[in-house]
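Any value given below was found using the heavy atoms of this structure, including those in side chains, with hydrogens, waters and symmetry copies removed. Model, not experiment: these values are computed from the prediction.
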Amino acid sequence: MKVIRGLSGIVAGGTVVLVATVVGAAITGAQRGFPGPGASDVAWHVGAALLVSAAQIFADRRQGIASFFGCAVVFLIAGSLLWAQWWN
């Protein structure tokens, strides 16, 4: 279980870094007058980062099957975010 929690922690951290990058690109684009990610893109990333962080905290504080489901939520939300906002 430690390995799965560790991998989901890496994914959760990557999601937080991704939201920081998207917010930074939106701010830079607005300041310099070039198109960047829109408000809906930023909102999706912020929402996903909040949910992923909460699920990771849940997984870290539980054991057994509850921890596994918390990790699964992290993978599901991060995968959905990447699929909907980046690849689709």
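- Ile4 and Ile65 end up in the same hydrophobic cluster when Ile, Leu, Val, Met, Phe, Trp and Tyr side chains are linked at under 4.5 Å.
- Ile57 and Phe69 end up in different hydrophobic clusters when Ile, Leu, Val, Met, Phe, Trp and Tyr side chains are linked at under 4.5 Å.
- Linking ILVMFWY side-chain heavy atoms closer than 4.5 Å, directly or via other members, places Leu50 and Val22 in a single hydrophobic cluster.
- Using a 4.5 Å heavy-atom cutoff, the side chains of Thr28 and Phe34 are in contact.
- Counting heavy atoms from C-beta on, the side chains of Val23 and His45 never come closer than 4.5 Å.
- Interatomic distance, CG of Leu51 versus OG of Ser80, reported as 11.0 Å (0.5 Å rounding).
- Across Leu81 and Ala48, no two heavy atoms sit closer than the pair CD2-CB, 3.8 Å.
- Contact record, Ser8 with Val74: O-CG1, 3.5 Å, taken as the closest heavy-atom pair.
- Under the 4.5 Å side-chain heavy-atom criterion for Ile, Leu, Val, Met, Phe, Trp and Tyr, Val46 and Leu82 are members of the same hydrophobic cluster.
- Note that CG of Leu18 is 5.5 Å distant from CH2 of Trp86, once rounded to the nearest 0.5 Å.
- Taken to the nearest 0.5 Å, the CH2 atom of Trp44 stands 9.0 Å off from the OG atom of Ser40.
- No chain of hydrophobic side-chain contacts below 4.5 Å, direct or via other Ile, Leu, Val, Met, Phe, Trp or Tyr residues, connects Val11 to Val19.
- Between the side chain of Ser67 and the backbone N or O of Ala59 there is at least one donor-acceptor pair closer than 3.5 Å.
- In this structure, CD1 on Ile27 lies 12.0 Å from CZ on Arg32, to the nearest 0.5 angstrom.
- Atom CD1 of residue Ile77 and atom OG of residue Ser53 lie 10.0 Å apart, to the nearest 0.5 angstrom.
- For the pair Met1/Gln63, no side-chain contact is recorded, criterion being any heavy-atom separation below 4.5 Å from C-beta on.
- Heavy-atom contacts from other residues, nucleotides or ligands closer than 6.0 Å to CZ of Phe75 number more than 12.
- Considering only heavy atoms from C-beta on, Phe58 stays 4.5 Å or farther from Val73 through its side chain.
- Closest approach of Ala78 and Val52 over heavy atoms only: N-CG2, 4.2 Å.
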